[in-house]
Amino acid sequence: MSYLNVDDAQDRLRKAGYIPSREIATVVFLAQATQKPVLIEGPAGVGKTELAKAVSRSLGRDLIRLQCYEGLDEAKALYEWEYAKQLLYTQMVKDRINDIICTTATLAEAVDQIAAQEDAFFSDRFIQPRPLLQAISSERPVVLLIDEVDKSDPEFEAFLLELLSDFQVSIPELGTRKAVQIPFVLLTSNNYRDMSDALKRRCVHLYIDYPARDTEIDIVRLKLPGIEEKLCAALVDAIRKIRALDLKKSPSISETLDWAQSLLALHIGELSPEVVSETLNVICKYQTDLEKVRKNLGRIVA
């Protein structure tokens with residue numbers, strides 16, 4: 001299943017529970033049409049990961065996710081050998097190993113005979129595929145999400161270039177593996193560090209910022225259809241005023257949704273300075289931010 005055009009991509013993403021701008025829909029369509037990865041940058045919580053999930057749902061593809069972190073290496077991202085299984089099989093066939101080496105006269109000859117059988121133990125039977133190998137080995141096209149790639153080390157980013165350039169990976173014991181089906185790849189970055197020019201050249205770039213007022217209202221109503229329109233508009237306006245303050249972490253759309261859900265749980269139908277003050281812990285993640293917002297309640301709630 002593929003997007004027919006930009007309008008089709010926009011419509012199907014919306015039906016998948018994501019409200020895309022025209023720019024987002026265009027980037028998603030072009031990435032599919034050109035089989036290029038998408039590098040999505042922007043503040044935390046604006047819907048970067050959710051876009052990848054929506055692409056997966058809208059295309060009817062499985063989502064394979066690689067969560068990046070400092071110290072992530074090829075073994076964790078690509079594959080690992082199941083050494084315990086290899087050892088178990090070795091114990092089970094040790095009699096056959098004795099048969100192989102029983103005619104050898106020296107240790108060197110015995111080692112050579114065993115080495116000639118090493119393909120039996122370094123094969124797909126003993127390999128544990130991780131997200132990257134799963135994605136290129138899948139018989140059906142998948143969506144591959146490489147989440148928070150900026151948290152990985154530059155060395156791992158360099159390793160990704162082979163995958164993103166040719167959709168193939170090298171496994172020393174098995175050789176080069178090419179993608180059975182080219183996955184739809186999306187990488188997300190919270191600007192923890194700058195990504196290399198080499199990586200950016202291989203991707204279609206997309207920056208997702210805080211949504212416009214009407215879009216944010218539409219998102220809240222989509223995710224929480226039971227919310228009253230007056231409350232929805234009031235909390236979005238309040239969030240936008242809070243973002244205008246010089247905070248350590250401005251609330252994103254995820255905090256907007258958390259706040260809206262909290263107000264519904266409290267059966268609150270109207271915002272007031274008291275209500276905002278009592279529920280700020282849902283929005284603010286730092287005490288200094290919370291105190292600054294409380295000092296400006298008169299500007300936030302009209």
Side-chain angles (χ1 to χ4, degrees), residues 3 6 9 13 18 20-56 59 61 63-79 130-137 141-172 176-179 181-211 249-250 252-253:
Y3 302 121
V6 175
L13 286 172
Y18 189 94
S21 65
R22 185 72 178 180
E23 179 188 9
I24 291 174
T26 301
V27 167
V28 168
F29 172 74
L30 290 177
Q32 172 207 265
T34 61
Q35 294 187 322
K36 293 188 65 127
V38 183
L39 175 59
I40 314 170
E41 297 185 301
V46 294
K48 299 186 295 295
T49 300
E50 188 59 33
L51 174 58
K53 294 178 181 179
V55 169
S56 170
L59 290 175
R61 298 186 182 188
L63 176 69
I64 297 176
R65 179 175 180 176
L66 173 64
Q67 179 62 51
C68 297
Y69 53 87
E70 189 174 351
L72 176 66
D73 58 16
E74 295 180 29
K76 294 293 189 298
L78 186 57
Y79 70 95
R130 298 303 183 193
L132 297 184
L133 186 57
Q134 289 173 11
I136 68 169
S137 301
V142 300
V143 172
L144 172 62
L145 168 60
I146 304 176
D147 217 2
E148 298 184 308
V149 65
D150 52 321
K151 289 186 177 179
S152 64
D153 300 323
E155 293 78 12
F156 181 75
E157 182 186 336
F159 159 72
L160 283 177
L161 295 179
E162 179 187 10
L163 175 70
L164 300 181
S165 297
D166 304 314
F167 289 100
Q168 65 180 32
V169 293
S170 298
I171 302 176
T176 300
R177 291 294 179 91
K178 294 182 179 292
Q181 299 282 349
I182 294 179
F184 193 127
V185 183
L186 299 102
L187 306 94
T188 72
S189 168
N190 294 332
N191 298 318
Y192 183 79
R193 68 173 175 85
D194 290 336
M195 309 314 300
S196 70
D197 290 343
L199 180 65
K200 289 190 173 185
R201 279 199 306 272
R202 287 162 173 79
C203 300
V204 181
H205 182 262
L206 175 63
Y207 186 88
I208 300 180
D209 206 343
Y210 301 116
K249 183 192 181 303
S250 294
S252 63
I253 184 62

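Side-chain atoms are counted along with the backbone in the values below, which use heavy atoms only and exclude waters and symmetry mates. Just so it is clear, the structure is predicted and the values come from calculations on it, not from any experiment.
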Is a donor on one side and an acceptor on the other found under 3.5 Å between the side chain of [X] and the backbone of [Y]?
| X | Y | result |
| --- | --- | --- |
| Lys178 | Ile136 | no |
| Thr188 | Glu148 | yes |
| Asp153 | Glu70 | no |
| Gln134 | Ile64 | no |
| Gln32 | Tyr3 | yes |
| Ser252 | Ala44 | yes |
| Asp197 | Lys200 | no |

### Tyr210 vs Ile253, side chain to side chain contact (heavy atoms under 4.5 Å, CB included): CA-CA, chis, key distance, verdict
CA-CA 7 Å; Tyr210 301 116; Ile253 184 62; over 6 Å; no
Please name the pair of heavy atoms, one in [X] and one in [Y], separated by the smallest distance, quoted to 0.1 Å.
| X | Y | result |
| --- | --- | --- |
| Asp209 | Pro43 | OD1-CG, 4.2 Å |
| Tyr207 | Gly42 | CE1-CA, 3.6 Å |
| Ser189 | Leu39 | CB-CD1, 4.4 Å |
| Pro131 | Arg65 | CG-O, 3.7 Å |
| Cys68 | Ile146 | SG-CG2, 3.6 Å |

Taking side chain as C-beta onward, heavy atoms only, is [X] less than 4.5 Å from [Y]?
| X | Y | result |
| --- | --- | --- |
| Arg22 | Val6 | yes |
| Glu41 | Asn191 | yes |
| Asn190 | Lys48 | yes |
| Leu163 | Leu78 | no |
| Tyr69 | Lys76 | yes |
| Leu206 | Leu51 | yes |
| Leu144 | Leu132 | yes |

Looking at [atom1] of [X] and [atom2] of [Y], how far apart are the two atoms once the value is rounded to the nearest 0.5 Å?
| X | Y | atom1 | atom2 | value |
| --- | --- | --- | --- | --- |
| Leu63 | Leu145 | CG | CG | 5.5 Å |
| Leu13 | Ile24 | CG | CD1 | 8.5 Å |
| Leu186 | Ile40 | CG | CD1 | 4.5 Å |

### Step-by-step side chain to side chain contact (heavy atoms under 4.5 Å, CB included) determination, Ser152 to Gln67
CA-CA 9 Å; Ser152 64; Gln67 179 62 51; over 6 Å; no
### Summary
Taken in chain and number order and not counting sequence neighbours, the residues that satisfy side chain to side chain contact (heavy atoms under 4.5 Å, CB included) with Arg61 are Leu59, Pro141, Val143, Phe184
### Message
Restricting to side chain to side chain contact (heavy atoms under 4.5 Å, CB included), what partner residues turn up for Ser165, sequence neighbours left out?
### Response
Arg202
### Query
Which pairs with one or both residues in residues 24-45 pass ring pair (Phe, Tyr, Trp, His ring centres under 6.0 Å), sequence neighbours excluded?
none
### Message
Quick one, Met195 with His205, criterion side chain to side chain contact (heavy atoms under 4.5 Å, CB included). Give me CA distance, side-chain angles, the key distance, then yes/no.
### Response
CA-CA 11 Å; Met195 309 314 300; His205 182 262; over 6 Å; no
### Message
Could you walk me through whether Val28 and Val55 satisfy the side chain to side chain contact (heavy atoms under 4.5 Å, CB included) test, starting with their C-alpha distance in whole Å, then the side-chain angles of each, then the deciding distance to 0.1 Å, before giving a yes or no?
### Response
CA-CA 8 Å; Val28 168; Val55 169; 4.1 Å; yes
